[in-house]
Structures are given as structure tokens and as C-alpha cells.
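Each chain gets a letter, A, B and so on, in the order the sequences are listed, and its residues count up from 1.
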4 protein chains.
Amino acid sequence: MSALRASRLRAGKATLPPSSVPEGTRRRILEVALQLFANRGFHGTSVRDMAKALNLQPSALYAHFPSKDHVLAELVRVGHEVHASALRAALLDAGADPVDQLCALIRVHTVLHATYPHLAVVVNEEIYSLSAELAAPALAIREEARALVLQVVERGVALGHFSLPDKGATLAALSAMGVRIPYWYEPSEQLPVDALADVHVELSLRLLRGPREGPIAGPAEGA
Amino acid sequence: MSALRASRLRAGKATLPPSSVPEGTRRRILEVALQLFANRGFHGTSVRDMAKALNLQPSALYAHFPSKDHVLAELVRVGHEVHASALRAALLDAGADPVDQLCALIRVHTVLHATYPHLAVVVNEEIYSLSAELAAPALAIREEARALVLQVVERGVALGHFSLPDKGATLAALSAMGVRIPYWYEPSEQLPVDALADVHVELSLRLLRGPREGPIAGPAEGA
Amino acid sequence: MSALRASRLRAGKATLPPSSVPEGTRRRILEVALQLFANRGFHGTSVRDMAKALNLQPSALYAHFPSKDHVLAELVRVGHEVHASALRAALLDAGADPVDQLCALIRVHTVLHATYPHLAVVVNEEIYSLSAELAAPALAIREEARALVLQVVERGVALGHFSLPDKGATLAALSAMGVRIPYWYEPSEQLPVDALADVHVELSLRLLRGPREGPIAGPAEGA
Amino acid sequence: MSALRASRLRAGKATLPPSSVPEGTRRRILEVALQLFANRGFHGTSVRDMAKALNLQPSALYAHFPSKDHVLAELVRVGHEVHASALRAALLDAGADPVDQLCALIRVHTVLHATYPHLAVVVNEEIYSLSAELAAPALAIREEARALVLQVVERGVALGHFSLPDKGATLAALSAMGVRIPYWYEPSEQLPVDALADVHVELSLRLLRGPREGPIAGPAEGA
DNA sequence: GATGAATGAGCATTCATTCAT
DNA sequence: TATGAATGAATGCTCATTCAT
């Protein structure tokens, strides 16, 4: 029926963070689902599609997950958990300076979205295909993460390091930079993941500190 | 059957820019499709869903569009066209200063995403449900728009107004701020659309000019 | 999934006649199947349902029966055998008087249907879910039983004790009284199984002897 | 898969009472379903079976009924309604004598079960495959009918025409005679439907009046 | 005897779409 | 333009059963 359809993601093979899910058929199912859900969406992927990609009968999936929805729910849960725990770990490593803390959070946020773009897309877009019940755990984790960043930003403001035109919009902009990575970025020699993280850290600091007045003197990339 | 699902958008009623499509059943179909595709996705919306929301029989839609895909294609085309022509118009009004030009582009980009969030989401997410053939016109327009912004930014850099750590990432960040608006923003008295545009203009300038050194002295919002 | 469904039987726990099947997993399977087949029918019961009720995996059943059909076949066979042998035993105890014989047959028929209602239902309704091959042994036994009753009735007619308006219909009515017991009867203090048997014996005699002429004088229950 | 299976019913073609359902595809579906549900049971009949017997695609059925369950529910409802209204009509024709009334009720009960055996079987056996919600209307009608018969019998007892050993069991026996008809009876020249009704009326009167004492003198059928 | 993963057919139902009216 | 009945493919899922362990 449908002619050649565009893939949402540039990146090729979908991978799950190594220790987030144990090896085995269950993990294989999750990785295949990740690939397909990221590129065609949850509703654009059939159980038969998944089974075919796994070289399994559709019915075999039901020994591992009670429904297609539960596969998505698990991906969304894992994605949120990996993200939240990475943020927490970054914060613990960062010391007490809110600028350092913010940089650490942005770095981790960027690295995760650049390293696991499929998971990022599924977590951010396909969560809306979940019932309220199945989405709830992930949404709770998400709210925690937002609160974490908010707290750091607010401390930075209180200590005179940051100055925001509007808190909600600025926080959203900070998040958006990361969230959109899967749609344009592909790791390359010119811009490996770490370099992208450096750029995003720099951009984040620009967002949070006021701009210079007038024209710019110093050297910076022009190309 | 399926339990309550989250809606992707905060905003309520989906609307199409006034003169983008003439009044009539055809426009009604597009607006209903806009609402449903934005909230449930193209694949998550059936022709029956659309017909029910229109108080029509499914077969009646085929008097107006040759297929469900063509409804989406039309929405995507209209969305891209409205966006591109608004950018062009803004640029014409902005004079020759690249800073003014950039501000005008960001303002329009922001206002459109805040005013037509459903259209923005469909244009940005559901385009991937289109065949290459049907998506092509929109993708061409999209490329033009990107080139437009790129040109302005590059002129700003050349004239010493802007300084970017990485052109691709910074352009992406500029775009991302707007693209993510439908996911968090709702017009309100505290932050009406124009004020949001002001904020995004300010944030964009921060991204494009270097940050101040050291801590911040001047007054800024704290809340 | 499926909403609450009515149960065919009033009675609670399904039991098999004590010595009809030796204790063990095989018997447990038969009793669980009896319960489920009686209430939801053979086609309305899945092997998974049976396994779940047994706290076993579906595959475990196949160590005891070659197929789901064979479980039903065994229930049907046991039910018929218990019934037929009880009829034979009753006849042996009853002496030579066809009235006594008929009463004995009816009593046993009634007691069995009242005591093992699940088995009665499965034997009478679910036999139609069996292949001709698997149903054959039971049908043979059934024919024997019918012949037995027929003989007794015919002797009663020949000896002037009974008078039937139509042999087929009357035999069917005799049988029907018992067969329908599981659908309405539940043992109680007011009407224990033995009392029900007395009633059915009385009713059977009424069917087989002609009615009184005119109105009724003597005392009888009214309520 | 399944080998030759027995049919529950002797009778051939399933028919619905003429004016119970208007002509058209909807009626054709109901009649085919009646045939299949009666012989193989609701759970033993697939929508594909029904569609094949109708020379239709399975999906076409869903233009007429929202689900397979609703087809059964409609059959069960129609069956109950036809039965109840026939009983009411019979009673209106019968005059004030409880004996006449009872005879009229039995006659109608018998004629319906003999004329529409498929419907009788579906109504009596397959109602248990319905959810409580879908079964409710039919069960309500059923209770009314029972109350009707009960009232007639009680008046007969009060006026000294009837004498019952046990009201519940006797009512059940009266009903059972009719309910079991589809399992053994086929209209024939020797015993057409009307003759069967005569026999059942006679048997019913025997059940409700006491038996003669001692052996039988008068002439009666012997065969 | 029992498990758990797997099979392959089949389930009720929904899909986008067509067509005669 | 719109309807209502129909199609044929596809949907998510369950079925009875097998088999290696």
C-alpha cells in the first residue's frame, strides 16, 4: 500500500543502554520495537512487523509481553529511568556550583539524546500512544527530572550566575535543544558526541547568562 | 476499548490559518483531521474517527480527498506554505540589518508555532507518515526556509554581530525552541503570544552572541 | 475482556463420582475441566483456562491427555458409564415388578443428576463438541440405557400398569425431568436430593398412569 | 482440524418466526447464525463460519451488528419475545378455567419448541454465552413467563383442579418437556406438531392431577 | 511430570476504500 | 455531495499444541 516512507531518524541501528535490560529474547524484542517505533511510530508498526524483524511468529511475543502497549510502556519506562538516573549521577559528580551543575546536566542530557536517539524519540513522541495508566510511571519520573533542572537554575539565579527572561520558556528551550537532537544530528568526526555536548553546554550558558551588548569582537567560528 | 490516552497538545480547538483554505466541507475535514492527527497521530486516527467527528459517513470524505494520505499531505503542505511565506514577509519588513532580520524571523517562527500548535505538530511529526512523493513539496519548502535563516545568520556572523560555537547545532537550537512550543505552551495573560515571541527573540540573540564573562550584575526576572 | 458471563449451573464445586477416576493429577484435571466445561461449555473453555485453574502450565496437561478433546471424551465416557451402571444396579435391586423397576430407575436417574449436575450437563450438552469417533462409546452406552428404560416401560404397559399417550414423547418426558435438574435445582433442607427423587418418582408414575377424572379430592401440597 | 462433529439438532433448516424480524440482510444473518449456533454452539461458531454461510465477507456483518455477541443477543431476545407473547396470546384465548388455561399454555409452549427447535436451543443453551448485560432483557422476559405459568397452576390448585407433589419440581417438569423437544423430536406424519402438542397437554394434566390408584383398566396405546 | 519458549492457524474486529443509489 | 452496504487486507491477540530442557 504505502510507498516508500521517510524514516524519522537519521541514525541506523537502534540500541538500548547496555545494562538497562538483560540479554535475551525480551531485550531483542525491545530493541526491534525501539527501531520500528522510532521510525514509523507505535501506531505505524504492527506486531507482525515486529515479529518479522525478529524472525519470530507474532504469537511468540506474547510469551514476553502481555500486549504491544506493554512493549512501548517498557521502552518509555526504561528511557525515562536511564535519563533520570544519569541526571542524578551527573549532579552528584558536579560539586556545589550551580554553573557546574547546570553544565553537567546539559552535558548528560545531550550525550543521552545523541547516543540513544531512537529511545529519545520514542520516549518523547510515542508516550502519547500509551494509556494514562501505562504512561503514569514515566510521567512521574519526567516531572522529577524537570524539578531537578529547575532547582539548579533557580539556585543559579539566586546566586547571581543566571538571568532568565522567562523561566518556563528558558527551561523549555534548554530541554528542546536536547530533545530535537535525533531529528538532525548524526555522530561524525567533525562533531562527535562529546563535541556536541560542549556546544550545547556553551549554548546553554548563553541562554542563562545575559548577552553581551553591541557587536562582538572576539574570535569565534564563522563557517 | 483502549483506555484514556494522553493528548499530545495542551491547546483545545485546532484551527487552520484563516485564508489558507477556503470555507466549506473541505476545510472542515482538514480542521478535524488537524485536531485528530495532532493529538493521536496520523496512524492513530482512522477515517471513521474523522467521519464521526464530522458527523459524516466515512465514504463522504472521498468526495473531497482521494485518500486519507492526501488529507495529511494537504495539511503538511498548507503548514509549510504558511510558515515559509510568513518568514519571507517578515524578512521583507525587517530592513537590511541581520540582527533585525533574525529577530523578525524568530518572532514569526514563534508566533506561528504558538498560534497554530496543532498544525506545527502535524507538520513536524506526521510528515514522516507521508510517502516520499507526497512529502516532497513540503520538504522542498522546508529546505528553502532553512536556507533563508542560514543566510541571515551567516551575514550576521560576517558582519560581526553573531558568533556561533557550531553553525548546525545553533541553527537547530533556534529551530527547536519554536518547534517544541506546542508541547508546553498555552497562551495566557501572564505570557501572551507576543510576550513569548519577545522572550524567544531575546533567547535567540543570547544564542547568537557570546555570553557575558563572569557573574551577572543587571536586573532580570527571578521567579 | 469479556464481561461477566452467567454460569450455566447453580451448584458450586464440580465433583466426579468418587471411584470413577483414581486420585491424582489426572483426576484433578478432569474435575477442573468438568467445572469449566459445565459452566462455559467446551468451546468456551481454553486449555489455558484449565491450566490456570490447576495452577499448571498448559503444556503440563499433555502429559495426561493427548488433547483437550480427549479430556471431554473421558468426562463424557465416565458420565455415561456411571449412569448406565447405576441404572443396571438399581434394576437388579428392584425385583420383578415393572412399577418398582421404573421407580428405581427414576430414583437413580434423579439422584445422579441432582448429585453430579456438572457431569450431567457436560454429558448431555457438550457431547456434541466431540467428533463422531470420540462420542461413539458414550452414544452406545446411552442407547443401552434408553433400551433398558424402554423395556421396563413396555413391560409395565403389557402388564396393565402403565398407559402412555405416546411412547416416544413420554419416554422423552421421563428423561427430560432428570436432564433439566442441573438448570434449576440446588440441594436444600426443604428439598434434599432424596426428597427430589421421591417427587420425580411420583411425577413419573403420574405420567405413566392415566390421570384421575374430574376434580381432585385428596390432600396434597398447595404452596 | 475437528473431525465430523455431531449436530445437536435433528431438524434441518433453521427458521425464525415470520414476522419477528424484517426481511433483508439482517434477517439472513440471524437465520444463518441461528442454524450455526444451534448446532455447534456460539463458541463453536466463528464469524468466518457465519460469513461463509452467507456468502459475505466477515467484515460485512459488522454493518449490521456491532459484534458477534449482539447477534446472539438478538436471537435470544427475539426467541424470548416470541415465546412470551405467544403465551400471553394463548392465555387471552383460553377463558377463565385454569385447566383450559394450562392446556393452552402447554400447547403453545410445545408448538413453539417443535416448530422452532433451533431458536429454542439457542435461547435455552446459548444464553449462557452472553454477558450479564446482554442477557438481562431476555432473563426478565423469562421470569415473566414463569410467573404466568405459576399463577395459572396456583389458581388451578386453589380451585381444586390440580394437586402437585412439589411446586418447583413440577413446574420444572412441565417446562422440561418442552425444552427437550429439539433434542429428540422431528415432525412426521405419525406425530405432527399438533399431535405432539396433544400428547404434551395430556402428559401435563397427568402431572398436575393425581395418578389413579392401582392398575389401569381402560384402553391406551401400547406400542 | 512439569516448564517456558515457540509455532502456525485461527480468532473477532477494524482498516481504508469502493460503488450503486 | 452524501449514504449504506460491501470488500479484502490487515489489525492485535488467543488458540491448541509441540518440544527441548
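In this structure E:dA20 sits in a base pair with F:dT3, meeting the Watson-Crick or G-U test at under 3.5 Å. Across every strand in view, F:dC13 sits in a pair with E:dG10 that passes the Watson-Crick or G-U test at under 3.5 angstrom.
When the nearest nucleotides of DNA chain E are assigned to C:A63 and D:S46 by heavy-atom distance, the more 5′-ward of the two goes with C:A63. The 5' end of DNA chain F is approached more closely, in terms of each residue's nearest nucleotide, by D:R28 than by the other of D:R28 and A:S67. Along DNA chain F, the nucleotide nearest to A:F42 and the one nearest to C:K68 differ in position, and the one closer to the 5' end is contacted by A:F42. In terms of position along DNA chain E, the nucleotide closest to C:N55 lies nearer the 5' end than the nucleotide closest to the other residue of the pair B:P66 and C:N55.
Salt bridge status for D:E23 with D:R28: absent, with no side-chain N to carboxylate O gap under 4.0 Å. Ion pairing of A:E126 with A:R8 is present here, as a side-chain N (NZ or NE/NH1/NH2) and a carboxylate O approach within less than 4.0 Å.
Within 4.0 Å (heavy atoms only), B:S59 reaches at least one base atom of the nucleic acid. Residue contacts for A:L61: at a heavy-atom cut-off of 4.0 Å it reaches no nucleic acid atom on any strand shown.
If you take CZ of C:F65 and P of E:dA2, they are 12 Å apart, rounded to a whole angstrom. At whole-Å resolution of the value, NE2 in D:H43 and C1' in E:dC11 are 13 Å apart. Atom-to-atom, CG of D:L56 to C1' of F:dG8 comes out at 12 Å; the value is rounded to the nearest Å. Atom pair B:M50:CE and E:dA16:P shows a separation of 9 Å (rounding to whole Å applied). Atom NE2 of A:H70 is separated from atom C1' of F:dG12 by 14 Å (rounded to the nearest Å). Atom CD1 in D:I29 sits roughly 13 Å away from atom P in E:dT13 (whole-Å rounding). The distance from atom CZ of C:F37 to atom C1' of F:dA16 is 12 Å, rounded to the nearest whole Å. Distance, D:R48 CZ to F:dC15 C1': 13 Å, rounded to whole Å.
With hydrogens and angles disregarded, a donor-acceptor distance shorter than 3.5 Å links the side chain of A:N39 to the backbone of A:L9.
For A:Q57, taking side-chain heavy atoms from C-beta onward, the closest of the listed nucleotides E:dT3, E:dG8, E:dT13 is E:dG8. Comparing atom distances between the A:Y62 side chain and each of E:dT17, F:dC13, F:dG8 picks out F:dC13 as nearest. Checking F:dT17, E:dT13, F:dT3 against every side-chain atom of D:D69, the shortest atom distance belongs to E:dT13. Side-chain proximity of D:H64 to the nucleotides F:dA6, F:dC15, E:dA12 is greatest for F:dA6.
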For D:L139 and D:H80: C-alpha separation, side-chain torsions, deciding distance, then whether side chain to side chain contact (heavy atoms under 4.5 Å, CB included) applies.
CA-CA 8 Å; D:L139 291 178; D:H80 274 88; 5.6 Å; no
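Residues B:R27 and B:P18 approach most closely at NH1-O, 2.9 Å, considering heavy atoms.
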